[in-house]
Number of protein chains: 2
Amino acid sequence: MEISKAFGIVLRKPRKLAGLSQEELALQCDLDRTYIGLLERAQRQPSITTIFIISEVLKIKPHELIKEVEKLHGI
Amino acid sequence: MEISKAFGIVLRKPRKLAGLSQEELALQCDLDRTYIGLLERAQRQPSITTIFIISEVLKIKPHELIKEVEKLHGI
DNA sequence: ATGTAGACTCGCGTCGACG
DNA sequence: GCGTCGACGCGAGTCTACA
């Protein structure tokens with residue numbers, strides 16, 4: 001699977017788990033609401049800092065998030 | 001420490017370990033030689049796909065690379 | 001609360017060239 | 001083999017607005 005698509009899927013899970021809307025997550029990450037949507041629909045590629053910012057808000061270590069992406073992508 | 005700076009440092013180690021020059025690494029990654037230099041000097045932020053591509057060439061799992069970045073960055 | 005669209009700024013990633 | 005510079009296309013990330 002494409003990396004961006006894998007990331008979108010991976011992103012959505014812990015967000016829902018944290019009980020956050022895209023809007024609330026975006027607010028806490030200091031990112032745009034529409035951008036979170038774009039990420040989840042795999043229409044944007046996050047940079048490494050964006051990954052770290054989102055991970056921190058979701059209280060997940062970035063490498064755990066990446067590990068999930070690896071699984072879906074099929075390393 | 002800044003994330004991009006941490007990544008630059010983390011990147012250099014396994015590259016040297018693999019006995020690759022920036023030039024050779026860039027070639028295998030299908031990236032530009034100057035861009036690898038920019039990354040190591042923390043003047044560019046890699047996207048998630050770039051991280052995956054470089055990791056694959058360096059035969060490191062992306063999440064291992066990220067874990068090193070976390071350490072330097074100080075999660 | 002989310003998807004989408006347009007328009008915008010700025011940074012990623014490329015390329016050629018020089019030291 | 002690497003750092004740096006200028007220039008470039010294109011994509012990251014923002015903002016507004018409508019459904």
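Naming convention: chains lettered A, B, ... in sequence-line order (proteins, then strands); numbering from 1 in each chain.
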Within 6.0 Å of [atom1] in [X], more than 12 heavy atoms from elsewhere:
X	atom1	value
Glu2(B)	CD	no
Lys5(A)	NZ	no
Glu56(B)	CD	no

Atom [atom1] of [X] to atom [atom2] of [N]: distance rounded to whole Å?
X	N	atom1	atom2	answer
Asp32(B)	dC2(D)	CG	P	14 Å
Gln45(A)	dC12(C)	CD	P	14 Å
Glu40(B)	dC2(D)	CD	P	8 Å
Ile53(A)	dA12(D)	CD1	P	16 Å
Ile48(B)	dC12(C)	CD1	C1'	15 Å
Glu2(A)	dG11(D)	CD	P	13 Å
Leu39(B)	dG3(D)	CG	C1'	14 Å

task = List the protein contact pattern of nucleotides 4-9 of chain D with one symbol per nucleotide (5' to 3'): B for base contact, S for sugar-phosphate-only contact, - for none; contact means a heavy-atom distance under 4.0 Å.
result = B-----
query = For Glu40(B), what residues pass the side chain to side chain donor-acceptor pair (under 3.5 Å) criterion, not counting sequence neighbours?
reply = Arg12(B), Arg15(B), Gln22(B)
inquiry  = Just to verify, what does Ser4(B) make a side chain to side chain donor-acceptor pair (under 3.5 Å) with, not counting sequence neighbours?
reply    = none
ask   = Contacts to DNA chain D from residues 20-29 of chain B, heavy-atom cutoff under 4.0 Å, which residues?
value =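 Ser21(B), Gln22(B), Glu23(B) - these, ordered by number, are the residues of the stretch whose heavy atoms sit under 4.0 Å from the strand.
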message = Just to be sure I understand the geometry, which residues of residues 10-19 of chain A put a non-hydrogen atom under 4.0 Å away from DNA chain D?
response = none
query = Stems in DNA chain D: runs of 3 or more consecutive Watson-Crick or G-U pairs, distances under 3.5 Å?
reply =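 If one scans DNA chain D for consecutive Watson-Crick or G-U pairs, the stems found are C:2-19 with D:2-19.
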ask   = Under the 3.5 angstrom rule, does the side chain of Gln28(B) hit a backbone N or O of Leu25(B) as a donor-acceptor pair?
value = no
Just how far is it from atom [atom1] of [X] to atom [atom2] of [Y], taken to the nearest 0.5 Å?
X	Y	atom1	atom2	result
Ile66(A)	Lys71(A)	CD1	NZ	13.0 Å
Ile48(B)	Ser47(A)	CD1	OG	10.0 Å
Glu24(B)	Ile36(B)	CD	CD1	12.0 Å
Lys61(A)	His63(B)	NZ	NE2	13.5 Å
Lys59(A)	Glu64(A)	NZ	CD	16.0 Å
Lys16(B)	Leu11(B)	NZ	CG	11.0 Å

key: Which atom of Leu31(A) lies closest to which atom of Ile54(A), heavy atoms considered   =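 Here Leu31(A) and Ile54(A) meet closest at CD1-CG1, 4.1 Å.
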